[in-house]
Every structure is written in C-alpha cells, then in structure tokens.
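Here's the structure we're looking at; comments come further down.
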Amino acid sequence: EVKEAEEVVRDIRQRLDVTDGPRTSPSDIAILFRTNEQPRAFETELRKAKIPYVILGSQSFFDKKEVKDVLAYLKAIVHPRDEVSLLRIINNPPRGIGEKSVELILKEAVGRGTPVWNVLTEGTGLKIPSSAQAATARFVALIHRYHNDAHKSRPLVDLVRKLVAEIGYQAEIKRLYPDPQEQEVRWQSVEEVVNALAAYEKSAKQANLGDFIDEVALGQQDMGDDKEKQLARNAVALMTLHSAKGLEFPHVYMVGLEEGILPHHRSGDDVDEERRLCYVGITRAQDRLTLSLSLTRMKWGKPRDTIPSRFLYEIMGKAEKAPGAKRPARATHSPASKV
C-alpha cells in the first residue's frame, strides 16, 4: 500500500508540474477510497511531496483518538518528559490514576518547578492514595522498560504490538464503544499505526521510534469539517466513496480495488451496494480515471497477498473470471472516463 500511494502521488506530482498543456490544479484531483484506514499512506506521501490536500467526510487518519493514543505512548517512550503525551496516557486505558491524583501530580510538579516525569519517577511527597501511587509506579516501570527496549529490540513493530497488547487497548476500545462495527473500525486504526511503523522500518536505513514519530507528524494540519470550505481550497481531495456522491473532478484516483476492501469484507454475499459504490466512484471522473490496487497489504505489520477486486474484472467485461464469481455480472462504465 505504500508503493500504491507513492505511485499515485508521483503521478499527481507529474500532472501538477506539466507546463506545456492545460494546467492541472490540486483542486482538480480526488483520491477515493472505501475505508477510513486507507488514506494514511496517501497523507504521508502527499506531505512528503508538499502537495496540499483536504480530507472530506472523515477525520485525518492522524487525528483519530486511537491513533493519537498509540502515538502518545510512542512519544512518551522516546521522550518521557513530553508532558502532553505523558498526561494523555497516564490513565489511558484506566490504570487507577484518577483525575484528582493527576491534578495533585501536576500541582506538585508546578510547585517544584520540575517536569511531571521527575515527580513520577521520584514518587516521594505525593499526597495521592496508595493505590494510585502503586499504579503510578507500574506506569513509570512500563515506560522505562519500553524506553530501554526501543534502543535494542528489533523489529520495532514487534515492540509496539507487544505494547498495545500489554496495556489492553483492544479491551478499552470494546469498553468505550459497544457497537461491534465501530470497535472493528477503531481497532483497524490501531493496526494501521503498526502497519505505518512496519513500512517505515522497511524503508529506513537505521530505524528508530523518534524518526518514525517525526515522519508521521510531518505537516499535520487541521482539516476542519465544513465541506464547502474544504472544497474551495486549492488542494487534492481525499474522501470515501460515500462522501463522493454528487461531486465530480477532472482527475480521479480510485485506490485499493481489492477483495475485502471493495467489495468490503462486511458485505458478505450481498455485494450490490458495494457495486453501486464502485459505480459512484467511476462516475466522479470527468476526464481521467485511474484505478489501483496493492498486490500486498500490511496486516499487523506483516505483508499479506491480496486478491484483485471482482469489480476490476467486471469493468473489463471478464466477470466470469472474477474471484468467487457465481454468475456473469454486468460491467459498469463511465463514458466520460478512461480506465
């Protein structure tokens, strides 16, 4: 999926740089995807290429609570004196350090004129319940241990998988969100952080958590939530197929055309709605349509082979050769688009 994003962004960069023909602006371009986890690689590559972009109909991947939580753990492991990150995770998931205890810890730090981490590690003079003191000691030990392991353990992706399991983050998602579908979506965001780290570790000459954090933090921006204002910006539009209804762009990239993504694995045997979504995406293109897929996709930091979407076969008039084909399906085409 990293290569897919690199190729798409490289193609966009070439079109924006053309000088001997009709000029293409960032706002002429849209990248459409099926799931909210897919934009991560594209956001990263667009930032590297310094191409402005907006996300419509969903949050930036890097603004999701789960992503911020996991990244805050990684930041605290690398820099324990990062107080913003430290205070975000000190009782997240809950470990017995309540709001009142956190207030007292902060008050102590301010009174001494010393970082919160120093107060936590010294552990003396804190007027908090004994249970909270014990929980604080366990938290400090956790950060210490992973801080040390981050400098000697490889691959880093295994370290992060172990961390996520040890803090019980999946159980916390289930506690906070009773809807199984929302649980799955949020857990997939955690998985995508691990996938991002695996992709970084694969490409870096000397991988370390600090550089990874710097990379994902590159150029973070507030996307806002006003669709009309976002579209008015001269920026590449990233959006789900659902959000794309009613919009058109000269250049459209539909990404991730793989079984399990489009059609989505939750659709089961009923893929009619997924086919309609695919048609919606195709017909958003006014002049040029590019379809792409990843031949492998990360699953908890390990590459897994993918299967091309049956819709690709249908578009080419070869529905009978599609994976799991039961009957010939009618191909859908957009007269204005070139595949």
Side-chain angles (χ1 to χ4, degrees), residues 1 4-5 8 11-12 15 24 26-43 46 53-61 181 185 188 223 225-228 230-233 235-294 297 306-319 322-325 327-339:
E1 64 266 40
E4 180 187 29
V8 167
D11 194 65
I12 290 173
R15 299 201 167 271
T24 299
S27 58
D28 294 330
I29 300 169
I31 301 175
L32 308 183
F33 43 87
R34 175 63 179 86
T35 72
N36 286 319
E37 289 68 52
Q38 287 173 264
R40 189 268 305 165
F42 295 90
E43 286 193 72
L46 286 166
Y53 70 91
V54 294
I55 293 188
L56 304 177
S58 62
Q59 285 178 297
S60 165
F61 172 79
Q181 186 169 321
V185 169
Q188 285 175 346
M223 294 295 168
D225 54 9
D226 189 314
K227 192 171 182 177
E228 288 187 6
Q230 294 289 73
L231 285 171
R233 292 178 57 186
V236 174
L238 276 66
M239 69 186 83
T240 63
L241 293 166
H242 286 96
S243 299
K245 294 176 181 178
L247 301 174
E248 289 184 332
F249 299 85
H251 303 279
V252 168
Y253 296 83
M254 278 179 63
V255 301
L257 268 82
E258 304 150 31
E259 289 291 305
I261 295 182
L262 186 65
H264 197 273
H265 67 86
R266 283 199 299 266
S267 65
D269 293 330
D270 182 13
V271 297
D272 287 346
E273 177 59 25
E274 297 292 298
R275 186 175 287 107
R276 282 191 284 271
L277 274 177
C278 183
Y279 181 76
V280 165
I282 289 171
T283 53
R284 298 312 90 198
Q286 295 171 313
D287 301 320
R288 182 173 174 270
L289 172 68
T290 301
L291 307 176
S292 71
L293 72 155
S294 171
R297 193 168 288 274
T306 66
I307 300 173
S309 170
R310 68 194 71 184
F311 300 146
L312 284 173
Y313 292 88
E314 294 177 10
I315 289 168
M316 295 185 292
K318 298 179 180 180
R327 57 179 174 78
R330 195 172 177 184
T332 56
H333 297 278
S334 168
S337 303
K338 301 172 184 177
V339 179

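A pairwise comparison of heavy atoms in I31 and F42 identifies CD1-CD2, 4.2 Å as the closest pair. Here the closest non-hydrogen pair linking L56 and S243 is O-OG, 3.8 Å. Here the closest heavy-atom approach between residue L241 and residue V280 is recorded as O-CG1, 3.9 Å. Of all heavy-atom pairs spanning Y253 and V8, the tightest one is CD2-CG1, 3.8 Å. Listed here is the closest heavy atom pair of S267 and E274: CB-CG, 3.6 Å. Minimum interatomic distance between I261 and R34 (heavy atoms only, all atoms of both residues): O-CG, 2.8 Å.
Between the side chains of Y53 and R233, not a single donor N or O lies within less than 3.5 Å of an accepting N or O. Between the side chains of S294 and E4, no donor-acceptor pair is found at a separation under 3.5 Å.
Residues passing the salt bridge (Lys or Arg N to Asp or Glu O under 4.0 Å) test with E273, sequence neighbours excluded: R276. Evaluation of the side-chain hydrogen bond (donor to acceptor under 3.5 Å, both in side chains) rule for T306 yields no partner, not counting sequence neighbours. Qualifying side-chain contact (heavy atoms from CB on, under 4.5 Å) partners for V185, counting only residues two or more places apart in sequence or in other chains: E37, R266. Here A41 pairs with A5 under the side-chain contact (heavy atoms from CB on, under 4.5 Å) rule; sequence neighbours left out.
Here salt bridge (charged side-chain N to carboxylate O under 4.0 Å, His left out) pairs that include residues 247-256, with residues two or more places apart or in two chains, number zero. Among residues at least two apart or in separate chains, salt bridge (charged side-chain N to carboxylate O under 4.0 Å, His left out) pairs with a member in residues 252-265 are E258-R297, E259-R310.
One distance of note links CD of Q286 with NE2 of H251; it measures 9.5 Å at 0.5 Å rounding. From L257, atom CG reaches atom CG of L312 across 4.5 Å, with rounding to the nearest 0.5 Å. Atom CD1 of residue I282 and atom CG of residue L32 lie 10.5 Å apart, to the nearest 0.5 angstrom. A distance of 5.0 Å separates SG of C278 from CG of L262, quoted to the nearest 0.5 Å. Note: L247 CG to T283 OG1 = 11.0 Å, rounded to the nearest 0.5 Å. For the atom pair CG of D28 and CZ of R288, the computed distance is 12.0 Å after rounding to the nearest 0.5 Å.
If you run side-chain contact (heavy atoms from CB on, under 4.5 Å) between I12 and each of T290, T24, I29, only I29 comes through.
Side-chain atoms of T240 and F33, non-hydrogen and from C-beta on, do get closer than 4.5 Å to each other.
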(Q) Using side chain to side chain contact (heavy atoms under 4.5 Å, CB included), reason through Q38 and V255 one step at a time and then give a plain yes or no. (A) CA-CA 8 Å; Q38 287 173 264; V255 301; 3.9 Å; yes
Q) Are I55 and E43 close enough, and set up right, to give a side chain to side chain contact (heavy atoms under 4.5 Å, CB included), and what steps lead you there? A) CA-CA 9 Å; I55 293 188; E43 286 193 72; 3.4 Å; yes
